[in-house]
Protein chains: 2
Amino acid sequence: MCEQKYKTGELVALAEIGKETLRFYEKKGLLPKPSRTAGGYRIYTEKDLRRLLFIKNAKKLGLSLKEIGELLAIADGELVDCAEVRHIAQKRLDIINEQIDNLGKLKTILIDLINQCSKTNTINSCPIIDSLSKGVKK
Amino acid sequence: MCEQKYKTGELVALAEIGKETLRFYEKKGLLPKPSRTAGGYRIYTEKDLRRLLFIKNAKKLGLSLKEIGELLAIADGELVDCAEVRHIAQKRLDIINEQIDNLGKLKTILIDLINQCSKTNTINSCPIIDSLSKGVKK
DNA sequence: TAACTCCCTGTATTATACTACAGGGTTCCG
DNA sequence: CGGAACCCTGTAGTATAATACAGGGAGTTA
């Protein structure tokens, strides 16, 4: 029966974020407006902590706050249209595949550069500039 | 003997960027200050076009303008210290590997979500929230 | 009750990468 | 020479994601 309650300082310590960031997320609508003490202090629950950790992890995976907001809206049941969900997820998936592809190309270019560099020890012609001037598909 | 010369409008048309972006890059030091006509109009050369295309392609690969600037400095011979070059390249390579790794994880999560969605057609429990609340390594 | 820590609000600043004016000067065509 | 199209400068605004700070209130403990 005794659910854990946190004040701002306790929550930010547990989630390892700044207190300004917490308020920022609240203002952005990513976190619900918490209840308050008589003195006006915010009171958070376990649910808020989980939500905050979700935001943190999703960010780590490269999602923008806007996208995270959309996913949270789905989780909250505000957005129950399946087509909508699929659309968000698929759109992101396309971008991810493209990014993985691009990162692979950049990786090759950088490995070439590093090798080139260790061979000559001076750079007269630049392998990256050459590679990238020719263009990257898409 | 007749090298191609471009005015701002011609160059931005060829590179497919905005004219303000061109000035922005000049101010940032990514493009050298071009020579001018008697009337003060900027005159660009083929070399500038190649440089601009390099910036565009490097951006597509996810490099920041700051990193692009460092690579251009290398290409310009301003930075000929091999250790420095290797350092920039290796640092980026580490980030890339991590990003590829993270994107792969996100991809799995999203594919799960899409599948879940097409099975149930309604979302009662949210697979992404569940996945991400548990955390992502590193 | 003083002192101290924590919390409140609102506003301003940071960094990245542009994008959009306002108010002029230049070039070129007829 | 008139007018359109183009270019110049400087400043301001946009979006994203925070981060910092000023000025004040709340809660706790000696």
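Letters A, B, ... are given to chains in the order of the sequence lines, protein chains preceding strands, and every chain is numbered from 1. Only a predicted model underlies this, so the values are computations on that prediction, with no experimental measurement involved.
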Trace of the side chain to side chain contact (heavy atoms under 4.5 Å, CB included) decision for B/Ile68 with B/Phe54: CA-CA 9 Å; B/Ile68 292 168; B/Phe54 163 75; 3.8 Å; yes
Taking [atom1] from [X] and [atom2] from [N], how many angstroms apart are they, rounded to a whole number?
X       : N      : atom1 : atom2 : value
A/Leu11 : C/dC6  : CG    : P     : 16 Å
B/Glu26 : D/dG10 : CD    : P     : 11 Å
A/Leu30 : D/dA18 : CG    : P     : 9 Å
B/Leu65 : C/dT19 : CG    : P     : 11 Å
A/Tyr6  : C/dC7  : OH    : P     : 14 Å
A/Lys66 : D/dT14 : NZ    : P     : 17 Å
B/Phe24 : C/dA20 : CZ    : P     : 14 Å
B/Lys27 : C/dA15 : NZ    : P     : 15 Å

Nearest-neighbour nucleotide for the A/Thr21 side chain, D/dA18, D/dG27, C/dT27 considered: D/dA18
B/Ser64, nearest nucleotide to its side chain (from D/dA17, C/dT19, C/dA17): C/dA17
Any [X] side-chain heavy atom under 4.5 Å of [Y] side chain:
X       : Y       : value
B/Leu11 : B/Lys19 : no
B/Arg36 : B/Ile43 : no
A/Ile55 : A/Leu31 : yes

Check against side chain to side chain contact (heavy atoms under 4.5 Å, CB included), B/Leu52 and B/Tyr44: CA-CA 11 Å; B/Leu52 201 48; B/Tyr44 294 101; over 6 Å; no
N/O to N/O distances under 3.5 Å, protein versus nucleotides 5-8 of chain D:
unit_1 : atom_1 : unit_2  : atom_2 : d
D/dC6  : O2     : B/Tyr41 : OH     : 3.1
D/dC7  : OP1    : B/Gly9  : N      : 2.9
D/dC8  : OP1    : B/Arg42 : N      : 2.7
D/dC8  : OP1    : B/Arg42 : NH1    : 3.0
D/dC8  : OP2    : B/Thr8  : OG1    : 3.1
D/dC8  : OP2    : B/Arg42 : NH1    : 3.4
D/dC8  : O5'    : B/Arg42 : NH1    : 3.4
D/dC8  : O3'    : B/Arg36 : NH1    : 3.3

Donor-acceptor side-chain pairing of B/Tyr6 and B/Glu46 below 3.5 angstrom: yes
Below 4.0 Å: OP1/OP2 of C/dC18 and any side-chain N or O of B/Tyr25: yes
D/dA18 OP1/OP2 closer than 4.0 Å to side-chain N/O of A/Lys59: yes
B/Arg42 to B/Pro34 - nearest heavy-atom pair and separation: CG-CG, 3.5 Å
Approximate separation, where rounding is to 0.5 Å, of B/Arg51 CZ and B/Asp48 CG: 8.0 Å
End axis versus end axis in the helix from C/dT1-D/dA30 to C/dG30-D/dC1, the angle rounded to 10°, five pairs used at each terminus: 20°
Criterion side chain to side chain contact (heavy atoms under 4.5 Å, CB included) on A/Phe24 and A/Leu65, from CA distance to verdict: CA-CA 11 Å; A/Phe24 176 71; A/Leu65 294 187; 3.7 Å; yes
